[in-house]
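Okay, structure first, notes after.
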Amino acid sequence: MSGERPETMRAWVVREPGPIESSPLSYEDKPVPSPASGELLVQVLTCGVCRTDLHVSEGDLPVHREHVTPGHMVVGAVAALGDGVTGYGIGERVGVAWLRYVDGTCRYCRRGTENLCPNSLYTGWDVDGGYAEYTTVPADFAYRLDFDVSDTELAPLLCAGIIGYRALLRAAVPDHGRLGLYGFGDSAHLCAQVAVAQGVTVHALTRGEGAQRLALELGATSAAGPYDNPPEPLDSAILFAPVGDLVPVAMRALDRGGVLSVAGIHLSDIPTLNYERELFYEKELRSVTSNTRKDGREFLALADRYHVHARTHVYPMSEALTALQDLKAGRFEGAAVLVND
Ligand SMILES: [Zn+2]
Ligand SMILES: [Zn+2]
């Protein structure tokens, strides 16, 4: 183990959840964590900014750990190995993502749906995450990142990318089908690239000219506002915007037998659905809950094969609060990434 590791580090901490404009996070000195048995200590190189971090900071998600350090799209270098860890070398590039523990024994884990494990734990919610100089991860939940892609471009793949991929799987798009993407931020712009590469026709339904332009640049066939009708009925749709009002809108845009997959961890209330117009003809409404490690590995391999590129907006780590405020206000396209300065 290297003796060069400092004892303290700079890290963001959610002091008291509240509106992001009121600065609920502060940038503080904290001890560098020690890796527990089975864990890696990771020096954070970059950390993506996720809408979930905003939910944790604003209190849309209940506090799981007081004064938690958010952040769960970490690209880092292994700095130390906890007891019993083998197969990783110091300095190796690894990814730390949202899912960080499952029990492996419950009925959901045993049937291959560890994303539904009731005993699961999450990075940057239950345990301190990556808005810091160092973080930890159980070695079994780390991703190996031996791709020829930069640290900043890799970070958004680790949640925005993986969750977008699970949402795409849940949307069950038929071969060469028609897919609507409601909202076109970090997750959607990665998901769209996979879908287009697989021969799917993508229609972006999002506010903001910048987001619409990005969608078209990435191969979407059309781009319009979220409440507009797509140019053709949809076989599948994914709701990325955390806006429940869009659920009936998207359900009406589906063709018979179509599927709407809701990607967010948090959604405002869904208005009453009309059975005849919005559900009949075997339309399906599905949620997306976290991801399995298999989803993560599959997505990273596909991203490499299809040359999925994240459109990034880089901030120094010390400006994480600004990044979250900009995310909420929709001030950038693509994905925000924090880089330790
Ligand atoms: Zn389980
Ligand atoms: Zn996330």
Side-chain angles (χ1 to χ4, degrees), residues 12 14 20 25 44 46-58 60-61 64-65 68-76 95-132 135 137-138 140-143 152 154-168 170 183 185-191 238-242 261-267 287-296 299-300 303 310 312-313 320 323-324 326-328 334-338:
W12 285 93
V14 180
I20 201 71
L25 296 113
V44 177
T46 65
C47 183
V49 175
C50 182
R51 186 165 287 276
T52 301
D53 305 334
L54 192 57
H55 295 320
V56 167
S57 304
E58 297 204 304
D60 295 323
L61 294 178
H64 275 195
R65 174 181 167 81
V68 74
T69 295
H72 55 270
M73 294 192 261
V74 174
V75 174
V96 182
W98 176 235
L99 184 69
R100 76 173 281 130
Y101 171 81
V102 295
D103 57 25
T105 56
C106 72
R107 66 171 67 233
Y108 311 100
C109 284
R110 280 186 280 124
R111 72 182 189 205
T113 50
E114 65 182 8
N115 59 308
L116 302 178
C117 180
N119 296 313
S120 55
L121 296 174
Y122 300 95
T123 310
W125 190 21
D126 297 291
V127 184
D128 289 335
Y131 285 25
T135 191
V137 62
D140 287 348
F141 286 78
Y143 291 96
T152 42
L154 268 175
L157 304 190
L158 289 164
C159 177
I162 293 172
I163 298 289
Y165 178 63
R166 181 157 186 99
L168 182 63
R170 294 281 293 158
D186 56 353
S187 206
H189 94 289
L190 298 169
C191 173
I238 303 173
L239 178 56
F240 286 105
S261 147
V262 178
I265 191 171
H266 169 80
L267 188 71
S287 66
V288 177
T289 301
S290 183
N291 63 274
T292 65
R293 283 171 283 178
K294 179 170 171 284
D295 297 329
F299 170 72
L300 291 171
T312 58
H313 198 81
L324 286 165
D326 290 352
L327 172 65
K328 187 176 181 185
V337 177
L338 306 172

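Counting starts at 1 for both ligands and their atoms, following the listed order.
Listed by chain and number, the protein atoms of type N/O/S under 2.8 Å from the Zn ion (ligand 1) are Asp103 OD1, Cys106 SG, Cys109 SG, Cys117 SG; waters are omitted. Excluding waters, the protein N/O/S atoms found under 2.8 Å from the Zn ion (ligand 2) are Cys50 SG, His72 NE2, Cys159 SG.
Exactly one of Trp125, Tyr143, Phe141 qualifies for a ring pair (Phe, Tyr, Trp, His ring centres under 6.0 Å) with Trp98. That residue is Trp125.
The OG1 atom of Thr152 sits 11.5 Å away from the CG atom of Leu338 when rounded to the nearest 0.5 Å. His55 contributes atom NE2, which lies 11.5 Å from atom CD1 of Ile20 (distance to the nearest 0.5 angstrom).
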### Task
Tell me, with the steps shown, if Leu157 and Leu300 meet side-chain contact (heavy atoms from CB on, under 4.5 Å).
CA-CA 7 Å; Leu157 304 190; Leu300 291 171; 4.1 Å; yes
### Query
Is there a side-chain contact (heavy atoms from CB on, under 4.5 Å) between Val137 and Thr123 once you walk through the steps?
CA-CA 8 Å; Val137 62; Thr123 310; 5.7 Å; no
### Query
Taking it one step at a time, do Leu324 and Val49 satisfy side-chain contact (heavy atoms from CB on, under 4.5 Å)?
CA-CA 7 Å; Leu324 286 165; Val49 175; 3.6 Å; yes
### Message
The test is side-chain contact (heavy atoms from CB on, under 4.5 Å); show your working for Asp140 and Arg293 and say whether it passes.
### Response
CA-CA 9 Å; Asp140 287 348; Arg293 283 171 283 178; 3.9 Å; yes
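Between Asp126 and Arg100, no side-chain nitrogen of the basic residue sits less than 4.0 Å from a carboxylate oxygen of the acidic one, so the salt-bridge criterion is not met.
The number of heavy-atom neighbours closer than 6.0 Å to CZ of Arg107, taken from other residues, nucleotides and ligands shown, is 12 or below.
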